[in-house]
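Remember, predicted model here, so these are calculated numbers, not experimental data. Values reported hereafter were calculated over all heavy atoms of this structure, with side chains retained and with hydrogens, waters and symmetry mates removed.
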Amino acid sequence: MWLANKILDDNSYKELALNDLKIAPDEPLSRPVVVQLAGNEPVKMVEAARLFEPHCDAVDINLGCPQEYARQGHFGGYLLGRKDWPLVEEIVSSMASALSVPVHVKIRLCNPASDTPKLALRLAHAGASLIVIHARHVSANRRRAGPAQLDWVRQTIEFLQESGVDKSVRVISNGNVEKIEDCLINMAETGASGLMLGEAILANPT
């Protein structure tokens, strides 16, 4: 995750981010590559995304970061409240209109969780082509408090389908995967188009 405002204001940070897309100075990463940005200003999110656009296949908007610095900066998972939905929609629609690559969005469960399908619908209508749901609530102190509530992933997918959202808009499930068998369970329970794996795969890549 890269911070959009810092990308634009700090040249060394920007160069670090761009160099992160390379294995060596003249050797880019193998594709596809998705760059994840965080921020709360639509214009800056678009400007930062345009810097990465030639080097990636999609740009992901982080609406799931639970860290304290995200709370202080009011981005990531702290934009999931209803009062910020218009802002989030503006960010997504601005980026979807300005970029030639798809716009993805990663979210956590809203509070209440029953708002999650409604937010996902608004994200899809704003132009998100893929939505990742980490099915836990935002908590700066307890990032993985208890198992992920995968039923909300399934309910969100069903809600999008019932609302007539184009099937090209994919939902990816995130949470409760520590071994290969968990992948099969997650997919069966949620009906998701795919899975996103986090820190567990670093500890157990097999």
Side-chain angles (χ1 to χ4, degrees), residues 1-22 29 32-111 115-116 118-141 143 156 169-172 174-175 196 198-199:
M1 178 185 77
W2 299 98
L3 305 181
N5 63 335
K6 197 170 181 180
I7 288 287
L8 299 173
D9 298 337
D10 185 334
N11 193 58
S12 61
Y13 183 82
K14 178 184 72 175
E15 291 304 316
L16 178 66
L18 291 172
N19 287 333
D20 196 48
L21 298 174
K22 303 174 184 177
L29 294 175
V33 170
V34 178
V35 172
Q36 187 181 71
L37 295 175
N40 58 19
E41 298 177 71
V43 171
K44 289 189 175 182
M45 289 288 283
V46 168
E47 290 178 0
R50 281 178 168 157
L51 295 174
F52 292 101
E53 188 176 11
H55 312 289
C56 69
D57 302 280
V59 176
D60 183 76
I61 302 169
N62 186 315
L63 295 180
C65 181
Q67 302 282 7
E68 176 62 20
Y69 71 91
R71 186 190 68 79
Q72 293 175 355
H74 196 61
F75 60 84
Y78 299 93
L79 293 176
L80 294 176
R82 279 183 174 244
K83 67 181 177 61
D84 285 314
W85 285 8
L87 171 60
V88 167
E89 289 173 290
E90 184 181 355
I91 292 171
V92 174
S93 62
S94 296
M95 293 177 69
S97 298
L99 303 178
S100 61
V101 296
V103 173
H104 300 175
V105 184
K106 185 179 185 220
I107 65 174
R108 285 188 176 229
L109 296 181
C110 297
N111 191 11
D115 274 353
T116 306
K118 301 167 191 173
L119 174 60
L121 179 62
R122 294 175 72 152
L123 294 173
H125 285 163
S129 64
L130 184 145
I131 300 169
V132 179
I133 303 176
H134 182 175
R136 290 184 173 92
H137 289 285
V138 171
S139 173
N141 298 321
R143 295 174 60 195
T156 298
V169 178
R170 304 295 187 183
V171 175
I172 304 297
N174 178 213
M196 175 177 281
E199 293 178 6

| query | Does a side-chain heavy-atom distance below 4.5 Å link Asn62 with Lys106? | reply | no
| message | If I compare all heavy atoms of Phe75 with all of Ala38, which pair ends up nearest, and what's the gap? | response | CD1-CB, 3.7 Å
| Glu15 backbone acceptor or donor facing Asn19 side chain under 3.5 Å | yes
| query | Could you state the interatomic distance from OH (Tyr13) to CG (Asn5), rounded to the nearest 0.5 Å? | reply | 8.0 Å
| request: Report yes if the side chains of Arg108 and Leu80 come closer than 4.5 Å at any heavy-atom pair, otherwise no. | output: yes
| Got a second to check how far Asp115's CG is from Thr156's OG1, nearest 0.5 Å? | 10.5 Å
| said: Just to verify, which of Val34, Leu99, Leu18 counts as forming a side chain to side chain contact (heavy atoms under 4.5 Å, CB included) with Phe52? | reply: Leu18
| note | Between Val59 and the options Met45, Gln36, Met95, the side chain to side chain contact (heavy atoms under 4.5 Å, CB included) test singles out Met95
| Salt-bridged, Arg50 to Glu53, with N to O below 4.0 Å? | no
| note | dist Cys110:SG -> Leu63:CG (nearest 0.5 Å) comes out at 9.5 Å
| Matching residue for Ile61 among Val92, Val88, Ile107 - test: side chain to side chain contact (heavy atoms under 4.5 Å, CB included) | Val92
| message | Between Ser97 (side chain only) and Ser94 (backbone N and O only), is there a donor and an acceptor less than 3.5 Å apart? | response | no
| request: Without swapping roles, check the side chain of Asn40 against the backbone of Gly73 for a donor-acceptor pair under 3.5 Å. | output: yes
| request: Please examine the side chains of Val101 and Asp57, heavy atoms only from C-beta on, and report whether any two atoms are closer than 4.5 Å. | output: no
| field | Close side-chain approach of Leu51 and Leu8, heavy atoms under 4.5 Å | value | yes
Compile the donor-acceptor pairs under 3.5 Å between side chains in residues 118-129 and protein atoms, sequence neighbours left out, one pair per line.
unit_1, atom_1, unit_2, atom_2, d
Arg122, NE, Glu89, OE1, 3.3
Arg122, NE, Glu89, OE2, 3.1
Arg122, NH2, Glu89, OE1, 2.8
Ser129, OG, Val103, O, 3.4

| Distance-minimising heavy-atom pair for Lys14 and Ile7 | CB-O, 3.4 Å
| For the residue pair Val46 and Ala98, what are the closest heavy atoms and their distance? | CG1-CB, 3.6 Å
| said: Any non-hydrogen side-chain atom of Leu87 less than 4.5 Å from a side-chain atom of Ile91? | reply: yes
| request: Check whether any side-chain heavy atom of Asp84 sits under 4.5 Å from a side-chain heavy atom of Tyr78, and report yes or no. | output: no
| field | Sub-4.5 Å side-chain heavy-atom contact between Lys44 and Asp9 | value | yes
